[in-house]
Amino acid sequence: MTALLTDRGGRGSRPRGRPELYTSYSSDIALLNTPAKRAGVLAIVAAAFALPFAVSDQVLVLLGTGLAMSVGAIGLNIVTGYAGQVSLGHAFFVGLGAYTAAVLSGDPDGRLVGFGLPMVVWLPAAGLVAGAAGLLVAPLATRLRGLYLAIVTLGLVFLGEHVFREWDSVTGGPGVGRDAVQATLFGNSLTAGGAVLSGAQKVYLFALVVLIAAAVPARNLARSGVGRAFAAVRDRDIAAEVIGVSLTKAKLLAFTISSFYAGICGALLYTITRTVEPNSFNLLLSVRFIAMVLIGGAATISGSIMGAMFVTLLPRFTQQVPRFVPFIGQGVTGGGLLTNVELEAMLYGLLIIAFLIFEPRGLFGVWLRVRNYWKGWPFSY
Amino acid sequence: MKQHRQWPRFAIVLAVLALIATGCRDSGTTADVEDVDTGAAPAETTAPTDTATDTPTETAADTATPTDTGSPTEGTTPAGDIAFDTGVTEEACPDAVNPDNGCIYLGTLSDLTVGPFAALAVPITDAQQAFWNRVNEDGGIGGFDVNVTEFVRDNQYNPEIHNQEYQAIKNDVLALAQTLGSPTTAAIIEDLNAEGIVAVPASWTSEWAFQDVILESGVNYCFESMNSIDWAVENLEGIETVMAVHYPGDYGGDAAAGARIAAEANGLEFTDVETAPGPDNQSGAISAVASQQPDLVILTTNPTDAGAVVGNAAAQGYQGTFIGTGPSWNKGLLTSPAAEAVQALYLASGPWTWTQESPGRDAMEEALGDVDPNDGYTSGWVWSYPLKAALEQAAENGDLTREGLLAAVSELDDVDYEGMLPDEAGNFVGDPNETAYRGSIVSEPNPEAIVGLDVLQDFFVGPTAEGYDFTQSCFTTTAG
């Protein structure tokens, strides 16, 4: 693992003060190829692990949701950002993951189907079931591209929504729902408060660990031969085929891996949200994932995480707005020109448009610019 | 090129920073408050933004222990020696009626915007705010005002959103003044039990009788349907077949379970038709009613869907009787396209209604002022009495913590409903089979009447409900 993250041989031979001079190919493509990145990532991870002891439970729940969404956003970024296959069907795979986890972990004596299995079973299973569904759908992607693929995957959301609504014994039906994942690890509940940690702290840490376990392989995938094949397919599929990339294989793989991540995301998300209702896996959820990818930055892993955090924290931000802006009312009590809920919906749209026009590389691009500015400081280039 | 690109970049960075700052805002406040706690006033003050990790019960007794270094908390507490922590503050409520009182924060999770029960939920919430305002005007409870406006959240009648909003406010409130809906409340019941948070339901499912943390009022759907069928058999002619048309889950399912039991007891043929919420989803139910022509339909939906079912079934030639449970009725049905059918075929059962005269009703009318009458108001008002009684009991016991409130609920063997329900309806001690209130009413639509209903039959208990052995909730009895 360490060998993957840092290439020690390469680092040793690098002259001091020349962070971007690489003396070997492996040091060039290492995950953390500069000392600043190593230190930065270490600091962020350390801060993320320290956070639960510094902030309130409400904020932790929100951040935990952001972490879970990040896993899903990484998944969508693999198929859409890296491999260039637009998918509006992400919500369906998230739903599959959520229900797989809920069914496998559910109370065997409860009102709905449940098997009472532990986390080691339901978490991978959620990914595998969603991944298998992705594999089944993927052949469509090998025949279609662009808008046509978007429409077909859009259909998937509606099919899924119908099945979720009607399959009462599994989903509880619309308006009723069911208990989500019963998360236990070695007999300890991951969601109930214990002697040492509160429920929110546990669930946040759980989400953080899963996110790291999901993000590192994704980043590795992106810099491997498979990732390069994805990028080739995205940039010009005919050219990719000419140079020997199997389009079918690349697209199948992209869809399957993406759906696997979506399934994990579903299981994780509903470990935090304790109830799952079948109407949740609708087009809006898919659009939110697209927004995360576009705002965060297509074809970047850190961008996916930034985008997911941004989109998850956005409602929190709009909730505060009515306190400071007189003509915007609080969603519940109403009043004012528009409510914070409407403002939130408008901001989604505006942000997507603004990012596409001003910063197509998303938050990741903003970060790159900031970084490059300070790299050359005080010279502009 | 580079020059004018800087501004959008700067603006975006600023926006991101603002967002991060906002996201962390709460944590900052909490940290500040905790600093204040440990520094200046170690004993009793715990802010409403308290974290779950930091909720040791700090009682007045603690302040008296010699280890505490001379903080004058006992003098400054409005209530003297009442212990409190989560959701109760020494500081006055925002816009307090009694600025010298402390503040008890109660949460509200209701269907306020787009959900199927918004037409009832908004009046329920308004009535509860009027109710607690009246309590505050009478001096509050044990030196505290009650605030039910600070933590009002919209659940959209969606269990998932309900649970999310509940998690977001639960550390800020002592109890829930309202948790609207049966399936929605079922989604948080486990956590309510685990945390010992007392909650007033805005629903009447039979499960609540078996939940210690739930302060229910009035007849449950199960007994209500039993009474409706018993009443119909006695008062209407030729009732031989009964159909329950209902929403899935703890609301409709509970009523249907009661209907099935009463149909069997009366030797009637029974059919069960489940229907999903939403006017577009009623075609199955409509054709079932029209094709099978049951003599009596027990309808458990929301008012809009009730209108769709009654109107369209009548248009397709149905001529039997509908009896709708409480939440299926709204005065608006009498101005809807289905008005004619509703007046001809529909009767409303319910746990109470505005037109029943009582001192409580008069107090409610006075507190509400000039509103368009609706039984949502009546329900919101009646439901608040047990919580008021429990809070008063807890204050009397000197313990306004969550444990204290829960203990007070377990002592509550009668509640003064000011005549809106019989006093024995508010008995939360002992076996639900003996204490659960089983009386419901039946009303008929009348456009001239105050909420569009005239009472046909005041509180009564039919033979089926009377003899029913109530040992577990009706819904699980039949589904399990």
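Order of the sequence lines sets the chain letters (A, B, ...), proteins ahead of strands, with each chain counted from 1.
Applying the side-chain hydrogen bond (donor to acceptor under 3.5 Å, both in side chains) rule to B/Glu150 yields no partners; only residues at least two apart in sequence or on another chain are considered. With sequence neighbours excluded, the residues that form a side-chain hydrogen bond (donor to acceptor under 3.5 Å, both in side chains) with B/Asn193 are B/Gln211.
The two atoms that bring A/Glu277 and B/Pro159 nearest to each other are CG-CD, 3.6 Å, heavy atoms only.
Contact annotation for B/Asp191: neither backbone nor side-chain heavy atoms come within less than 4.5 Å of a heavy atom of chain A. Proximity to chain A (any heavy atom under 4.5 Å) is shown, for B/Gln167, by both the backbone and the side chain. For A/Arg178, no part sits under 4.5 Å from any heavy atom of chain B, backbone or side chain. A/Asn279 does not touch chain B: none of its heavy atoms, backbone or side chain, sits under 4.5 Å away. Looking at B/Gln156, there are no atoms closer than 4.5 Å to chain A (heavy atoms on both sides), in backbone or side chain. With a 4.5 Å cut-off on non-hydrogen atoms, B/Ala187 touches chain A through its backbone and its side chain both.
Using a 4.5 Å heavy-atom cutoff, the side chains of B/Glu274 and A/Asp168 are in contact. By the 4.5 Å heavy-atom criterion applied to side chains, B/Glu190 and A/Asp179 are counted as neighbours. Taking 4.5 Å as the limit, some side-chain heavy atom of B/Asn281 sits within range of a side-chain heavy atom of A/Arg165.
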message: Applying side chain to side chain contact (heavy atoms under 4.5 Å, CB included) to A/Ile272 and B/Gln164, what does each step give before you reach the verdict?
response: CA-CA 9 Å; A/Ile272 300 168; B/Gln164 280 170 345; over 6 Å; no
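Here CD1 of B/Ile188 is found 9.0 Å from OG1 of A/Thr275. Values are rounded to the nearest 0.5 Å.
Judged by distance alone, the side chains of A/Ser280 and B/Glu160 do bring a donor and an acceptor atom under 3.5 Å apart.
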